[in-house]
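Reviewing the structure listed below.
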Amino acid sequence: MKNNENTNAPAHESLNFIELIIEEDIKNGKHNGHIHTRFPPEPNGYLHIGHATSICLNYGLAAKYNGLFNLRFDDTNPEAEDIEYVDSIRDDAQWLGAKWDDREFYASDYFDKMYELAKVLITEGKAYVDFSTAEEVAHLKGTPTQPGTPSKYRSTSPTENLALFERMRNGEFDQGQCVLRAKMDLSSPNMHLRDPIMYRIKKVHHHQTGDKWCIYPMYDYAHPISDSIEGITHSICTLEFEVHRPAYEWYLRELNMFPSRQIEFARRNLTYTIMSKRYLKRLVTEGHVKGWDDPRMPTVVGLRRRGYTANAIREFADRIGVAKRENVTDVGVLEFCVREDLNKIATRVMGVLEPIKVVITNYPEGKTEMVSVENNPEDETSGSREVPFSREIYIERDDFMENPPKKYFRLYPGGTVRLKSAYIITCDEVIKDAADNIVELRCSYIENSRSGADTSGLKVKGTIHWVSVAHAITAEVRLYDRLFTVEYPSNEDGDFVQYLNPNSLHTLTAYLEPSLQNAQLADRFQFIRKGYFCLDKDTTPNHLVFNQTVGLKDSWAKEVKK
RNA sequence: UGGUCCGUGGUGUAACUGGCAACACGUCUGAUUUUGGUUCAGAAGAGUCCAGGUUCGAAACCUGGCGGACCAACCA
């Protein structure tokens with residue numbers, strides 16, 4: 001090895017534990033160095049940010065090692081599943097940037113094969129039909145400290161079991177009357193090895209196979225077989241399946257199938273939100289949010305509507321990495337990732353969220369001039385546009401203070417400020433109503449201070465945004481805050497809904513520069529000095545609606561807090 | 001109290017498998033700035049759950065504790 005030019009660079013790129021396994025496998029020529037991963041969602045709910053990072057993980061690994069990635073719907077429980085979820089999951093996965101060509105599979109694609117393989121196990125005396133009730137099965141399994149005891153059906157002959165299983169399949173038994181069990185190890189300290197159920201009877205319609213089947217395989221049986229059939233080399237799942245791995249390996253070994261390897265990682269949690277499908281569903285059904293795609297939801301559809309980019313989510317997945325220990329990632333990291341992406345691509349526009357009117361007394365009445373505003377200082381190719389300026393404008397209410405604290409460099413009586421891309425103004429007079437509310441500011445402008453042609457020589461500390469009263473358009477703007485008031489709602493005592501943030505949605509009517517009239521759903525904007533926004537799908541031809549994706553970093557707000 | 005897995009700054013991951021702990025977010029300074037944004041420069045913050053042991057040398061290996069998560073659905 002020759003010495004590296006950059007001696008400070010690590011000798012090796014730092015790898016996560018799964019990459020370590022993969023590289024070891026490649027080095028050893030396992031599967032001829034081929035890598036094949038998959039994402040196996042059950043179509044019984046919408047994808048959330050946790051699923052998204054898992055997709056990034058699995059797809060990313062395949063892409064990195066020139067392998068393949070499959071999307072596979074784990075549809076073994078038709079009672080819980082629905083085609084609606086299949087469609088949304090596929091759409092979200094695609095949006096995230098995963099590619100699987102024609103390799104969109106369903107566990108149900110393999111029902112025939114699974115049925116045949118079950119018969120092989122029965123024939124070899126490794127599986128049996130058990131007519132015990134669910135309670136009996138549970139009871140006979142024993143406890144973690146006490147071994148299980150054999151059911152009286154455990155010794156039925158293979159021939160008889162074969163016939164029984166066929167009758168199960170033919171619908172001759174009632175739902176719940178019997179199950180097919182694998183003969184593993186009743187005395188194992190691992191409960192999942194105590195003759196786990198392979199098939200149960202469910203006389204229900206399946207969204208893919210219709211009414212073809214009335215018996216459906218359990219996860220423990222279906223998953224290794226699906227992986228194996230597809231030639232999945234690295235089957236990545238979450239930690240709670242760790243104890244299932246011996247069963248996973250048992251089936252593949254006993255059936256002599258392609259040895260897919262299961263690898264478990266710790267699911268990643270996020271502060272101030274919840275990830276459990278059950279809880280998410282409650283938020284929707286109980287009306288705490290407006291739907292699965294409510295911009296406050298951690299669902300992929302929610303994040304999309306909120307204005308998050310696939311880029312940002314991929315970057316997030318990358319940054320938080322993957323490991324086996326418990327973790328809670330600060331949402332701040334996610335927010336950092338969107339800001340980072342949006343900063344590069346968002347068009348800068350001006351919009352006043354909470355207005356206060358300013359009259360520029362020495363500016364000609366009825367005059368309108370167009371000032372040039374750059375679309376994005378981070379992108380020289382983005383150009384600029386013309387924005388109308390006139391005698392009466394709106395500025396942000398908190399850009400004015402009657403009695404400003406130290407270091408406040410916005411507008412105040414006698415103070416001077418630059419209007420972004422326009423003139424420098426001085427506040428001469430504060431107009432109040434009978435109730436002492438400030439209703440208007442009277443200012444004067446410096447005529448030769450216009451941006452780009454400033455010969456005034458004046459230096460001002462503050463620059464604020466504005467919008468011309470006569471030209472402003474109005475829009476509904478929805479500001480969002482964290483959905484919960486505590487960092488880890490599911491860890492708190494009591495029902496998680498009591499920790500919902502009552503102020504997670506704040507709706508207001510804003511005044512925006514006229515160019516926003518033509519905003520499209522795919523557009524990304526930065527409302528200067530405020531945050532990143534996108535058009536919401538609730539928009540109608542005469543009612544614009546904008547969502548705040550995330551606010552800008554606000555070091556003044558931090559300063560004020562001190 | 002049976003089994004499995006896990007314990008590294010506030011948070012998330014690293015440390016090339018034994019050579020006195022790095023990166024990112026966050027925090028704090030300062031500079032630049034017609035966005036209190038961006039960018040740039042810098043700082044503080046862990047001695048790796050604890051105690052022993054092996055070793056010239058341990059975050060890593062061994063032993064024993066402690067702490068946490070998961071497992072007894074005809075869910076996945």
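Just so we're on the same page: letters track the sequence lines, and every chain starts at 1.
Two residues, A:Glu81 and A:Thr145, neighbour RNA chain B, and the one matched to the more 5' nucleotide by heavy-atom proximity is A:Thr145. Both A:Leu15 and A:Lys277 lie near RNA chain B, and the one whose nearest nucleotide falls closer to the 5' end is A:Leu15.
Judged by distance alone, the side chain of A:His206 and the main-chain N or O of A:Asp75 form a donor-acceptor pair under 3.5 Å. Between the side chain of A:Asn376 and the main chain of A:Lys344, a donor-acceptor pair closer than 3.5 Å is present. A donor-acceptor pair is defined here as one N or O able to donate and one able to accept, closer than 3.5 Å; no such pair exists between the side chain of A:Arg410 and the backbone of A:Thr416. The backbone N or O of A:Met350 lies less than 3.5 Å from a partner atom in the side chain of A:Glu513, making a donor-acceptor pair. When atom types are taken as modelled, the side chain of A:Glu396 and the backbone of A:Glu354 share a donor-acceptor pair closer than 3.5 angstrom. Looking only at distances, a side-chain donor or acceptor of A:Arg194 sits under 3.5 Å from a matching main-chain atom of A:Thr143.
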Check: protein-nucleotides 30-39 of chain B nitrogen or oxygen pairs below 3.5 Å:
from, atom 1, to, atom 2, distance (Å)
B:U34, O4', A:Thr463, OG1, 3.3
B:U34, O2', A:Lys420, NZ, 3.3
B:U34, O2, A:Ser421, N, 3.0
B:U34, N3, A:Arg418, NE, 3.4
B:U34, N3, A:Ser451, OG, 2.1
B:U34, O4, A:Arg418, NH1, 2.9
B:U34, O4, A:Arg418, NH2, 3.2
B:U34, O4, A:Ser451, N, 3.2
B:U34, O4, A:Ser451, OG, 2.4
B:U35, O2, A:Gln526, OE1, 2.8
B:U35, O2, A:Arg529, N, 2.9
B:U35, N3, A:Gln526, OE1, 2.6
B:U35, O4, A:Arg348, NE, 2.5
B:U35, O4, A:Arg348, NH2, 3.1
B:G36, OP1, A:Arg529, NE, 3.4
B:G36, OP1, A:Arg529, NH1, 2.7
B:G36, O3', A:Ser555, OG, 3.0
B:G36, O2', A:Ser555, N, 3.4
B:G36, O2', A:Ser555, OG, 3.3
B:G36, O2', A:Trp556, N, 3.4
B:G36, N7, A:Arg410, NH1, 2.6
B:G36, O6, A:Phe409, N, 3.0
B:G36, N1, A:Lys407, O, 2.9
B:G36, N2, A:Lys407, O, 3.2
B:G37, OP1, A:Ser555, OG, 2.9
B:G37, N2, A:Glu378, OE2, 2.7
B:U38, O2', A:Asn343, ND2, 3.3
B:U38, O2', A:Glu378, OE1, 3.2
B:U38, O2', A:Glu378, OE2, 3.3

Short N/O separations, protein against nucleotides 22-25 of chain B, under 3.5 angstrom:
from, atom 1, to, atom 2, distance (Å)
B:A24, O2', A:Arg319, NH1, 2.4

Using a cutoff of under 3.5 Å, can you pull out all pairs of nitrogen or oxygen atoms linking the protein to nucleotides 41-45 of chain B, with atom names and distances?
none

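Here the nucleotide nearest the side chain of A:Glu242, chosen from B:C5, B:C75, B:C71, is B:C5. Of the candidates B:C28, B:C74, B:A14, the closest approach to any side-chain atom of A:Ala323 belongs to B:A14. In this structure, the nucleotide among B:A76, B:U17, B:C71 sitting nearest to the side chain of A:Met218 is B:A76.
Remark: A:Lys324 is not in phosphate contact with B:C70, judged by side-chain N or O atoms under 4.0 Å from OP1 or OP2. For A:Asn327 and B:U13, the shortest distance from a side-chain N or O to OP1 or OP2 is below 4.0 Å. OP1 or OP2 of B:A59 has not a single side-chain nitrogen or oxygen of A:Arg325 nearer than 4.0 Å. Within the structure, a side-chain polar atom (N or O) of A:Arg200 is placed less than 4.0 Å from OP1 or OP2 of B:C75.
Paired regions of RNA chain B, where each region holds three or more successive Watson-Crick or G-U pairs whose two hydrogen-bonding distances fall under 3.5 Å, are B:2-7 with B:66-71, B:10-13 with B:22-25, B:27-31 with B:39-43, B:49-53 with B:61-65.
Between B:A41 and B:C66, the two P atoms lie 49 Å apart (nearest whole Å). Comparing the P positions of B:C49 and B:G7 gives a spacing of 8 Å, expressed to the nearest Å. Nucleotides B:U8 and B:G68 have their P atoms positioned 14 Å apart, rounded to a whole Å.
In this structure, CD of A:Glu240 is placed 22 Å from P of B:G3, rounded to the nearest angstrom. Taking atom CZ of residue A:Arg268 and atom C1' of nucleotide B:A69, one finds them 17 Å apart after rounding to whole Å.
Side-chain contact annotation: A:Glu369 with A:Tyr423, donor-acceptor N/O pair under 3.5 Å present. When only modelled atom types and interatomic distance are considered, A:Asp74 and A:Tyr106 share no side-chain donor-acceptor pair under 3.5 Å. Of the N and O atoms on the side chains of A:Arg38 and A:Ser235, at least one donor lies less than 3.5 Å from an acceptor on the other residue. For the residue pair A:His207 and A:Asp82, no side-chain donor N or O sits within less than 3.5 Å of a side-chain acceptor on the partner. If you check the side chains of A:Tyr128 and A:Asp195, you find a donor sitting under 3.5 Å from an acceptor.
Between A:His244 and A:His192, the ring-plane angle classifies as tilted under the 30° and 60° cut-offs. Between A:Phe39 and A:His51, the ring planes are perpendicular. Angles over 60° get that label, and only those under 30° would be called parallel.
Annotation: salt bridge (Lys or Arg N to Asp or Glu O under 4.0 Å) contacts involving residues 454-467 of chain A, sequence neighbours excluded, comprise A:Arg418-A:Asp454.
Side-chain contact check for A:Ile360 versus A:Phe389: some heavy-atom pair is nearer than 4.5 Å.
Centroid-to-centroid, the aromatic rings of A:Phe527 and A:Phe546 come within less than 6.0 Å.
Exactly one residue among A:Tyr221, A:Tyr216, A:Tyr219 makes a ring-ring contact (aromatic ring centres under 6.0 Å, His included) with A:Tyr199. That residue is A:Tyr221.
A donor-acceptor contact under 3.5 angstrom links the side-chain atoms of A:His244 to the base of B:A76.
Taken residue by residue, residues 177-186 of chain A places heavy atoms nearer than 4.0 Å to RNA chain B at A:Val179.
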